[in-house]
Amino acid sequence: MITKNLAVLFSGNGSNLENLYLKLHNKVFDNCKIDFKIAISSRKNAYGITRCENIGLKCEVLSSKDNKENYDLKLLDILSPYNIDLVVLAGFMRVLSDRFIDAYTTINIHPSILPLFKGANAIVESYQSNMKVAGVSVHYVSSELDSGELIDQDTIKKIDGEELESFKNRIHNLEYEIYPKAILKVLL
Ligand code: GRF
């Protein structure tokens with residue numbers, strides 16, 4: 001059996017982080033065990049830190065004052081002892097440097113059908129658009145925001161008159177389905 005070591009970077013609520021951990025950590029898929037080694041939060045007040053405590057995932061805080069290059073050097077330092085095979089972004093609100101991306105295969109989930117609605121306001125923009133479908137994308141991370149090669153996408157139908165909160169919930173539920181599968185697709 002082989003083991004794949006994962007790290008998660010996040011900045012906020014951490015619901016994807018928790019979902020990934022519960023679905024994948026310490027589980028074996030095709031003779032490959034998934035081991036979440038560490039989570040890193042870029043914000044000291046992120047609720048995801050509490051989730052890490054609750055589920056028993058080691059978490060470090062590296063807050064965001066540095067410029068990109070210095071920040072990423074510190075990230076690399078934190079990750080270096082763990083022999084990480086894949087870095088998973090789950091609501092990580094920073095753009096990573098080439099140096100980081102060259103060091104680690106890194107993937108991200110974005111709550112829209114990329115290349116539509118890049119950036120932090122994707123769910124609302126997608127909700128307000130005249131499109132009949134919405135969705136989520138998992139992609140490799142490149143140095144340009146929400147732009148790396150796609151790994152997987154899935155969609156939901158818009159419902160006439162649906163409230164934003166309900167739409168958001170459906171998008172998040174789709175994320176919880178697609179992200180674990182996309183990680184396995186990358187690793188196996
Ligand atoms: C998710 O919608 C994800 O697609 C985006 O940031 C959000 C993170 O949510 N990149 P959470 O922190 O996992 O709850």
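FYI, the numbering just counts along the sequence from 1. These numbers were taken from a predicted model, which means no experiment stands behind them. As the structure lists them, so they are numbered: ligands from 1, and atoms in each ligand from 1.
At a threshold of 4.5 Å between side-chain heavy atoms, the hydrophobic network of Ile, Leu, Val, Met, Phe, Trp and Tyr places Val138 and Ile171 in one connected group.
For Asp66, the salt bridge (charged side-chain N to carboxylate O under 4.0 Å, His left out) partners two or more places apart in sequence, or in a different chain, are Lys74. Taking Arg170 as the reference, Glu162 meet the side-chain hydrogen bond (donor to acceptor under 3.5 Å, both in side chains) condition, with sequence neighbours excluded.
Closest to atom 14 (O) of ligand 1 among all protein heavy atoms lies Ser15 OG, 2.5 Å. Ranking the protein heavy atoms by distance from atom 7 (C) of ligand 1 puts Gly91 CA, 4.2 Å first. Atom 10 (N) of ligand 1 has as its closest protein heavy atom Ile109 O, 2.9 Å. With respect to atom 4 (O) of ligand 1, the closest heavy atom belonging to the protein is Glu175 OE2, 2.2 Å.
For ligand 1, the atoms sitting less than 4.0 Å from at least one non-hydrogen atom of Gly14 are 11 (P), 12 (O), 13 (O), 14 (O), numbered in the order shown with element in parentheses. Numbered from 1 in the order shown, with element, the atoms of ligand 1 that lie under 4.0 Å from a heavy atom of Asn13 read 12 (O), 14 (O).
Listed for the Lys158 side chain is a donor-acceptor partner under 3.5 Å among the backbone atoms of Ser129. A donor-acceptor contact shorter than 3.5 Å is absent between the side chain of Arg99 and the backbone of Glu69.
Between Tyr127 and Phe167, the distance separating the two ring centers is shorter than 6.0 angstrom.
Classification of the Tyr104-Phe100 ring pair by plane angle, with boundaries at 30° and 60°, yields tilted.
For the ligand labelled ligand 1, residue His172 lies inside the 4.0 Å heavy-atom shell. Residue contacts with ligand 1 include Pro111, since one of its heavy atoms falls under 4.0 Å from the ligand.
Comparing Val138, Asn16, Val8, Ile178 against atom 9 (O) of ligand 1, the shortest heavy-atom distance belongs to Asn16.
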